[in-house]
Amino acid sequence: MSETRLRFPPSPTGYLHIGGARTALYNWLYAKQTGGKLILRIEDTDTERSTDESIHGIIEGLEWLGIDFDEGPYFQTDFEADHRAAAQKMLESGAVYKCFCTKEELETKREAAMAAKKSNVGYDGTCRHLTAEQIAEKEAAGIPSVLRFKVPQCGGEISYDDLIMGRIAASYSEIEDFVLVRSNGKPLYLLCNVVDDIRDRITHVVRGQDHMTNTLKQVLIYEALGAPLPRFGHMPLTLDNKKAKISKRSHGEIVAVQFYKEHGFIPWALNNFLALLGWSAGDDKEFYSKEELIKAFSFDRINRSSAVFNFHKDDPKFFTDPKAISMNEHYLRTMPIEEIGEMVRKDFEAENLWQKEYAGDRKEWYLKTLDLIRERFHTLKDFASLGRAYFADDYTVDEKPLKKNILKNESLKEWFPELASRYEALSPEEWTIEKTEDIAKAYAEELGVKPGIIINGMRTVVTGQAAGPSLFDILVLIGQQKVIQRLQKIDSFYA
RNA sequence: GUCCCUAUCGUCUAGUCAGGUCCAGGACAUCGGCCUUUCACGCCGACAACACCGGUUCAAAUCCGGUUGGGGACGCCA
């Protein structure tokens with residue numbers, strides 16, 4: 001069996017969105033599974049809308065996700081000669097014809113047909129039967145023409161076996177004579193895409209369901225070009241919670257892969273989520289390693305109905321699909337802490353929290369601290385924000401615990417400096433979970449207050465947060481000196 | 001309007017092809033409880049779905065027909 005070759009051909013008219021990422025992922029998965037190749041091809045023939053920024057964004061997004069390609073990026077515009085040659089070949093063989101109808105004429109006809117609720121609003125074939133003389137005449141008059149495909153009028157059906165949808169068939173009469181080359185000579189998507197897939201020896205074309213009608217037309221092009229058909233697969237689109245197709249235009253950053261990078265997602269967590277959005281192996285397995293997913297994936301288990309990406313704009317609790325967040329949490333808690341340490345490092349550097357000792361002498365402390373606090377976090381970003389007090393002194397104290405645990409008990413103003421001096425009396429060796437706890441509890445008892453008063457107050461002062469790990473674990477990690485300093489400056493909260 | 005795809009908890013889904021083991025399983029979310037010095041951790045529990053109508057059959061989530069709902073396509077965009 002020959003090598004499988006798949007491709008991901010984005011048009012660089014915006015960022016990489018999760019729908020595109022899912023398509024890329026499925027192609028990548030299958031290429032890996034079969035020991036084949038994934039080709040990245042930038043379809044930039046729409047020069048009006050293509051931008052370099054978008055090209056970089058797409059490549060960056062794929063790179064972040066870890067979806068690597070074996071060939072490319074190729075640029076479609078580099079192969080214009082191939083596209084034109086194919087068009088010429090089809091013109092000579094009679095598979096396509098010149099059409100002199102103007103855009104305006106067609107627009108008018110189409111609108112009229114729509115308004116009349118006609119079943120066929122496609123091209124009416126006006127130029128299909130022009131004689132050689134008529135064509136020569138129009139050309140001599142300088143009338144520009146497009147190249148249209150001459151769809152067979154044999155009354156039969158055209159069909160192919162879809163990897164995901166099963167057998168797909170449509171009658172020829174439903175397909176209009178579509179345009180392959182613009183009047184300015186530029187070949188269009190339908191043609192370029194096929195020519196490139198043939199040249200790149202693509203064996204599997206897997207793309208969104210929105211391409212299904214294109215596929216019918218492209219099958220005709222393959223036949224006209226005498227090229228063997230690749231396998232086609234059409235995956236259902238990803239919808240928003242109102243069941244509308246997700247798009248860059250109407251949903252903005254929430255559907256951008258970049259957004260997830262910026263919000264502290266672990267790349268594989270997003271892949272794992274995306275893989276399960278419309279696909280399942282048929283069991284209850286939810287978390288897959290890269291290797292497991294490559295092994296388990298199959299096109300025929302992709303759900304044929306479209307899946308909803310369940311995010312709610314302005315939801316205070318979930319900034320995106322809760323399931324995606326929960327998957328991210330899972331990886332955040334279970335990945336080897338060294339890997340988390342690497343990912344967090346980038347954030348820390350950007351947030352001015354990174355110290356080179358964290359990669360050296362204090363590496364153990366750094367990882368131990370991350371390991372302790374990751375239990376309650378949702379994203380990689382939480383380490384530098386919610387966890388800031390563990391790594392720096394310029395942390396902010398959250399308003400809620402401040403009110404509840406500090407301001408309500410003004411006596412803490414006297415108690416904490418006293419507690420600080422008791423802690424100060426401990427030798428560094430005595431700075432342990434047990435000792436710090438004993439002292440705090442003994443002091444509470446001495447004062448006749450519940451230990452919670454002291455403990456929650458300390459947590460607030462020392463970490464700035466209402467929630468967190470066991471307090472005495474925290475104290476040990478943050479260190480004697482810092483804890484003492486923070487307890488001593490209790491005064492400042494009542495100002 | 002025409003054509004194509006599709007229909008199981010709020011969401012992602014298992015089960016459908018090979019009808020009975022499914023008064024439908026899992027996950028996330030939600031709610032309740034437990035744990036606890038706090039908590040957005042953890043543990044336990046609850047709520048919650050076969051779109052509708054008809055047919056086939058001893059038996060239908062599963063097969064067939066229709067209805068309705070949802071999505072997509074109908075560019076000299078990709």
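Throughout, protein chains are lettered first and strands after them, A, B, ... in sequence-line order, and every chain is numbered starting at 1. Side chains included, hydrogens not; waters and symmetry mates left out as well; all remaining heavy atoms used. The model shown is predicted, which means the values in this text are computed figures rather than measured ones.
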Next item on the list: Would you classify A:Thr460 as touching base, sugar-phosphate or nothing, given that sugar-phosphate means primed atoms plus P, OP1 and OP2, and contacts are heavy atoms under 4.0 Å?
Entry: nothing
Next item on the list: Ignoring backbone atoms, test whether A:Arg182 places a side-chain nitrogen or oxygen under 4.0 Å from the OP1 or OP2 oxygen of B:rC77.
Entry: yes
Note to self: So, using side chain to side chain contact (heavy atoms under 4.5 Å, CB included) as the criterion, who are the partners of A:Lys403 when residues are at least two apart?
What the structure shows: A:Glu399, A:Leu407
Next item on the list: Hunt down the Watson-Crick or G-U wobble partner of B:rU57, both distances under 3.5 Å, from any strand shown, or write none.
Entry: none
Notebook entry, point to check: When you check the phosphate oxygens OP1 and OP2 of B:rA14, does a side-chain N or O of A:Arg301 lie under 4.0 Å from one of them?
Noted result: yes
Margin query: So if I define the base as every atom that isn't primed, P, OP1 or OP2, how would nucleotides 22-32 of chain B read as a B/S/- string at a heavy-atom cutoff under 4.0 Å?
Written below: ---BSBSSS--
Checklist line | Considering all heavy atoms, the nearest A:Ile58-A:Pro12 contact | finding: CD1-CA, 4.0 Å
Next item on the list: Using a cut-off of strictly less than 4.0 Å, decide whether A:Thr45 has a side-chain nitrogen or oxygen near OP1 or OP2 of B:rA78.
Entry: yes
Note to self: Please pick, from B:rC5, B:rA40, B:rC3, the nucleotide with the shortest atom-to-atom distance to any side-chain atom of A:Ala467.
What the structure shows: B:rA40
Checklist line | Whole-angstrom distance between B:rU68 and B:rA61, as gauged at atom P | finding: 24 Å
Note to self: Parallel, tilted or perpendicular, judged at 30° and 60°: which one describes the rings of A:Phe297 and A:Trp279?
What the structure shows: tilted
Notebook entry, point to check: Using the ring of each side chain (for Trp, its six-membered ring), is A:Tyr260 parallel, tilted or perpendicular to A:Phe309, with breaks at 30° and 60°?
Noted result: perpendicular
Check: How would you label the contact of A:Asn184 with the nucleic acid (heavy atoms, under 4.0 Å): base, sugar-phosphate, or nothing?
Finding: nothing
Check: Would A:Arg333 and A:Glu329 satisfy side chain to side chain contact (heavy atoms under 4.5 Å, CB included), going step by step from the backbone distance to the final call?
Finding: CA-CA 6 Å; A:Arg333 308 223 162 93; A:Glu329 287 166 356; 3.6 Å; yes
Margin query: At less than 4.0 Å, is any side-chain N or O atom of A:Thr213 found next to OP1 or OP2 of B:rC74? Yes or no.
Written below: no
Check: Counting only distance, no hydrogens or angles, is the base of B:rC77 paired donor-acceptor with the side chain of A:Arg49 under 3.5 Å?
Finding: yes
Notebook entry, point to check: Are A:Glu418 and A:Arg422 within salt-bridge range, i.e. N to O under 4.0 Å?
Noted result: yes
Next item on the list: Please identify each residue that fulfils side chain to side chain donor-acceptor pair (under 3.5 Å) with A:Asn328, with sequence neighbours left out.
Entry: none
Next item on the list: Output yes if the stacking criterion (under 5.5 Å between centres, under 30° between planes) is met for A:His211 over the base of B:rA78, else no.
Entry: yes
Next item on the list: Using only side-chain N and O atoms of A:Arg304, determine if any of them is under 4.0 Å from OP1 or OP2 of B:rU6.
Entry: yes
Check: Is any side-chain N or O of A:Asn214 under 3.5 Å from a base N or O of B:rA78, one able to act as donor and the other as acceptor?
Finding: yes
Item checked: Phosphate contact (B:rA73 OP1 or OP2) by A:Lys245 side-chain N/O below 4.0 Å -> yes
